[in-house]
Amino acid sequence: MKNNFIQRAITGIIFVGVLIGCILGGPISFTLLFALITALTIHEFGNIVSKQPDVEINKPICMLAGVFLFFGFAYLGVMPGQTEILIPYLFLIIYLLVSELYLKKKNPLNNWAYAMMSQIYIALSFAMLNVLAYHSIGNEGELSNYQVQYNPILPLSIFIFTWINDTGAYCTGMLFGKHRLFERISPKKSWEGSIGGGVFSIIGAIVMAHFFPFMPISIWIGLALTVVIFGTLGDLTESLLKRTIGIKDSGNILPGHGGMLDRFDSTLMAVPAAVVYLYIISFISKI
């Protein structure tokens, strides 16, 4: 028990340190890290779904497509409007569809479905981090006044709120948890824990607003609650996936913490939700 705790603690410290270091390190380290994470997560997803009968997705092409999508969104962050960068990605998607005509697999429909799920559920979600990371200043039509800046705080805040929510929900749930949140999928989660995680995240948002006042405190709090709600749904979604397939952990790449999907399950839904939230706020502010 003690050795497992030490193992989890060491892995957790290294994991958090690498994540924070690469996000704050600049656009190159940020892009390389999450391109790698995208590839590893898709590979793990392919291993998981292949445990089902008659499922065998093309993992190398799915991984390549996912990485290319992330690089494509990173390029679009720096060079908005240059959408031709995504054309090779479209060719990879077409290949995944057309190749099943010639592979003669027993159930190509399953392979199509899971291959596309790897792109929508994993690759697109990680690619959305670039939407949070890059911000334009000035008028795009006036090139002399137009600039793109890399801001690591927004993508980093998604992980910070996720960690605060997980820790707060765990502690509050252990102390006060009585009413199950979604017993069919995750028997240990409670409403009390979820509310506690939300409260701690709001406190975290107030702290973020103090140190990073480029957004009003109300928007920071809204972002934190968006991450809490959709991060919890992301966690439950991955739990449903594992429960359906009949596995406990998605992998063992992170000693004591399971696999990549186990670590990023909340992120995969929180990031797109955060992007939608910030776009809605931006739209409302312009009215």
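Worth saying up front: this structure is predicted, and the values here are computed from it rather than measured. Numbers here simply count residues along the sequence, with the first being 1. The figures here come from the full heavy-atom set of this structure, side chains too, leaving out hydrogens, waters and symmetry mates.
Of all heavy-atom pairs between Val78 and Val148, the closest is O-CG2, 3.7 Å. Listed here is the closest heavy atom pair of Leu268 and Pro272: O-CD, 3.3 Å. Here the closest non-hydrogen pair linking Gly66 and Ala123 is CA-CB, 3.6 Å. Across all non-hydrogen atoms, the minimal contact from Pro88 to Ile85 is CD-O, 3.4 Å. Closest non-hydrogen pair, Gly259 versus Glu44, comes out as CA-OE1, 3.1 Å. Heavy-atom minimum distance, Trp112 versus Leu97: NE1-O, 2.9 Å.
To the nearest 0.5 Å, atom CD1 of residue Ile203 and atom CD1 of residue Ile164 are 9.0 Å apart. With values rounded to the nearest 0.5 angstrom, Leu129 atom CG is found 5.0 Å from Phe30 atom CZ. Atom CD1 of Ile57 sits about 10.5 Å away from atom CD1 of Ile48, to the nearest 0.5 Å. To the nearest 0.5 angstrom, Met260 atom CE is 10.0 Å from Ile122 atom CD1. In this structure, Asn165 CG and Ser194 OG are separated by 7.0 Å, a value rounded to the nearest 0.5 Å. A distance of 13.0 Å separates CZ in Phe200 from CG in Asp166, rounded to the nearest 0.5 Å.
Hydrophobic clustering places Leu36 together with Ile14 (ILVMFWY residues linked when any side-chain heavy atoms are closer than 4.5 Å, directly or through intermediates). Hydrophobic clustering (ILVMFWY, side-chain heavy atoms < 4.5 Å, transitive): Val131 and Phe68 are in one cluster. A single hydrophobic cluster is seen to contain both Leu92 and Phe70, as judged by linkage of ILVMFWY side chains at heavy-atom distances under 4.5 Å, directly or through other members.
For Ser157 (side chain) and Leu154 (main-chain N/O), a donor-acceptor pair under 3.5 Å exists by modelled atom type. Judged purely by atom type and a 3.5 angstrom limit, Gln119 uses its side chain to pair as donor or acceptor with the backbone of Cys62. Not a single donor-acceptor pair under 3.5 Å links the side chain of Thr38 to the backbone N or O of Val67. Checked by atom type and distance alone, the side chain of Lys242 never pairs as donor or acceptor with a backbone atom of Ile247 at under 3.5 Å.
Within the structure, side-chain hydrogen bond (donor to acceptor under 3.5 Å, both in side chains) contacts touching residues 218-240 (residues at least two apart or in different chains) are Lys189-Asp235. Listed by first and then second residue, the side-chain hydrogen bond (donor to acceptor under 3.5 Å, both in side chains) pairs that reach into residues 53-78 are Asn47-Lys59, sequence neighbours excluded.
Considering only heavy atoms from C-beta on, Leu278 comes within 4.5 Å of Leu132 through its side chain.
Taking the six-membered ring where the residue is Trp, the centroids of Phe91 and Tyr95 are separated by 6.0 Å or more. Taking the six-membered ring where the residue is Trp, the centroids of Tyr277 and Phe161 are separated by 6.0 Å or more.
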Asn107 vs Val55, side-chain contact (heavy atoms from CB on, under 4.5 Å): CA-CA, chis, key distance, verdict = CA-CA 7 Å; Asn107 195 331; Val55 176; over 6 Å; no
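With a 6.0 Å radius and a threshold of 12 heavy atoms from other residues, nucleotides or ligands, Trp163 has its CH2 atom above the threshold. Residue-environment remark: OH (Tyr170) stays at or below the threshold of 12 foreign heavy atoms within 6.0 Å. The local environment of CD1 in Ile28 is sparse, with at most 12 non-hydrogen atoms from other residues, nucleotides or ligands closer than 6.0 Å.
Hydrophobic clustering, defined by side-chain heavy atoms of Ile, Leu, Val, Met, Phe, Trp and Tyr closer than 4.5 Å, groups Phe230 together with Ile229, Leu233, Met269.
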